Protein chains: 2
Amino acid sequence: MSTRENLITQAALLLDKGGDAAVTLRAVAHAVGVSHNAPYRHFKDRNALLAAIAERDFRMLALAFEGTRLGDAEPIQRLKEALGLFIQYGRDYPARYRLLFSDPGIGAAGGSLEAAALKAFTAFAGLVEDAQSTGALPPTPTRELAGLIYATAHGLVDLQAGGRMREQKGLSAAEQGVALLLLLLGAS
Amino acid sequence: MSTRENLITQAALLLDKGGDAAVTLRAVAHAVGVSHNAPYRHFKDRNALLAAIAERDFRMLALAFEGTRLGDAEPIQRLKEALGLFIQYGRDYPARYRLLFSDPGIGAAGGSLEAAALKAFTAFAGLVEDAQSTGALPPTPTRELAGLIYATAHGLVDLQAGGRMREQKGLSAAEQGVALLLLLLGAS
DNA sequence: ATCCTTTGTTGACAGCGTCAACTTAGGAGA
DNA sequence: TCTCCTAAGTTGACGCTGTCAACAAAGGAT
């Protein structure tokens, strides 16, 4: 594995373990086994390293969505699966999740991060489109409806990660919220 | 005005102007005109100062929601007004908004911050309840429906603040998204 | 055989949060 | 009135951080 990839991996590990503040360039470099300035050969600055983590994870999200779309289940069921994955990702890796969706200062990274983020959303919109084609969701313009569901899922996950949403017994608040949204959208 | 309040005000100003990273204890102290260590007489550490900003703003949000509830317009219209205020707050003060809703490390603050956040949400739920009572929204349990709408608005604002949501012409994506949600919820 | 590019190193710097110790002002209690 | 305690503020120091500059080696292309 290249040093660059090692840096990204170890940085993500530190992020999961100790949150944003734990991702110090020196700690990452030490974890990889290089000097404290080696990361600068691969990343312009700390934000660029964080952006690389985000880009990698957005790509994985996109792949997960695309993979889900190919499943056997009913389209609306596949959409629910994808939303479940999304919520689980946010719950299991809250610091990483917030890096992808709520970190300022990462925006200045080259367009490749934005492209990866857009690709993930586009894959998600495909799932919504499939569900619409079976009448399980209203015929609202796909892009807007997908944006609405995406934003709702994000809002639920983010509020839950911040403790601003109480946990219910059994299902997480986010899972319940998404289920309610789909119910209200589909029952009409 | 007490030094403590001055510290909160200047910190919020710096936050608006330069984002989270600009809120350095030394810069805040300098802006107030005290030594670099004076803030420690009023706040345990940097996070405690940030939490104080968040608490103050949550209180203001709660007041805004409560005030809106007393308006003359139809309940569903008052709810839309409140959502408009919320979105505008997030758009005008994105760094502050993210402090309230997406900042880890603030959770460790005493329960008074959580209480203020809950009060804001409770006021919002009151608006939803009023709208339900006129049949403008489905009779889903109020707390869950309010949580859903709240989370959706938050998700839209947060995605927009992070640039992950394209701006439409005229209305912001968040305003459009909320309108679409209410339409889909109410048209059923 | 030479040279340039990539990758890595060491060393330094200012700025940060935080701790410790000292100073001062002002009110409570005698 | 004198004393003393507490709250508020100060100076100085510490280690850690991101980042810059200068140097070293290694390896393929010419």
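To find a chain, count down the sequence lines: A is the first, B the second, and so on, and within it residues start at 1. We use all heavy atoms of the structure for the numbers below, so side chains are in, but hydrogens, waters and symmetry mates are not. All figures in this text were calculated on a predicted structure; none of them were measured in a lab.
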(Q) If the cut-off is 4.0 Å, is A/T3 near the phosphate of C/dG8, judged by side-chain N/O to OP1 or OP2? (A) yes
(Q) Please compare B/Y40 and A/A38 by the position of their nearest nucleotide in DNA chain C and report the one closer to 5'. (A) A/A38
[atom1] of [X] versus [atom2] of [N]: gap in Å, rounded?
X     : N      : atom1 : atom2 : result
A/R46 : C/dC16 : CZ    : C1'   : 13 Å
A/L50 : D/dG18 : CG    : P     : 10 Å
B/K44 : C/dT18 : NZ    : P     : 8 Å
B/L49 : C/dT18 : CG    : C1'   : 14 Å
A/L7  : D/dG18 : CG    : P     : 13 Å
B/F43 : C/dG17 : CZ    : P     : 14 Å
A/D45 : D/dT19 : CG    : P     : 5 Å
A/H30 : D/dG18 : NE2   : C1'   : 18 Å

Q: Return the nearest nucleotide to the side chain of A/S35; candidates are C/dT18, C/dT9, D/dT19.
A: C/dT9
Q. For A/R26, which contact category applies under a 4.0 Å heavy-atom criterion: base, sugar-phosphate, or nothing?
A. base
Q.
What's B/T24 touching, base or sugar-phosphate or nothing? Going by heavy atoms closer than 4.0 Å.
A. sugar-phosphate
(Q) What I want to check is whether the side chains of B/T9 and B/R56 have a donor and an acceptor closer together than 3.5 Å. (A) yes
(Q) Heavy-atom nearest nucleotide on DNA chain D for B/H42 versus A/R41: which residue maps closer to 5'? (A) B/H42
Q: Going by the ring-ring contact (aromatic ring centres under 6.0 Å, His included) test, name the single residue among B/F58, B/F121, B/F124 that passes it with B/F65.
A: B/F124
Q: Specify whether B/F86 and B/Y97 have parallel, tilted or perpendicular ring planes, treating 30° as the upper limit for parallel and 60° as the lower limit for perpendicular.
A: perpendicular
Q.
If the threshold is 4.0 Å, N to carboxylate O, is there a salt bridge linking A/D103 and A/R96?
A. no
Q) Are the ring centres of B/Y89 and B/F101 closer than 6.0 Å? A) no
Q) Got a donor-acceptor pair under 3.5 Å from the side chain of A/H36 to the base of C/dG8? A) no
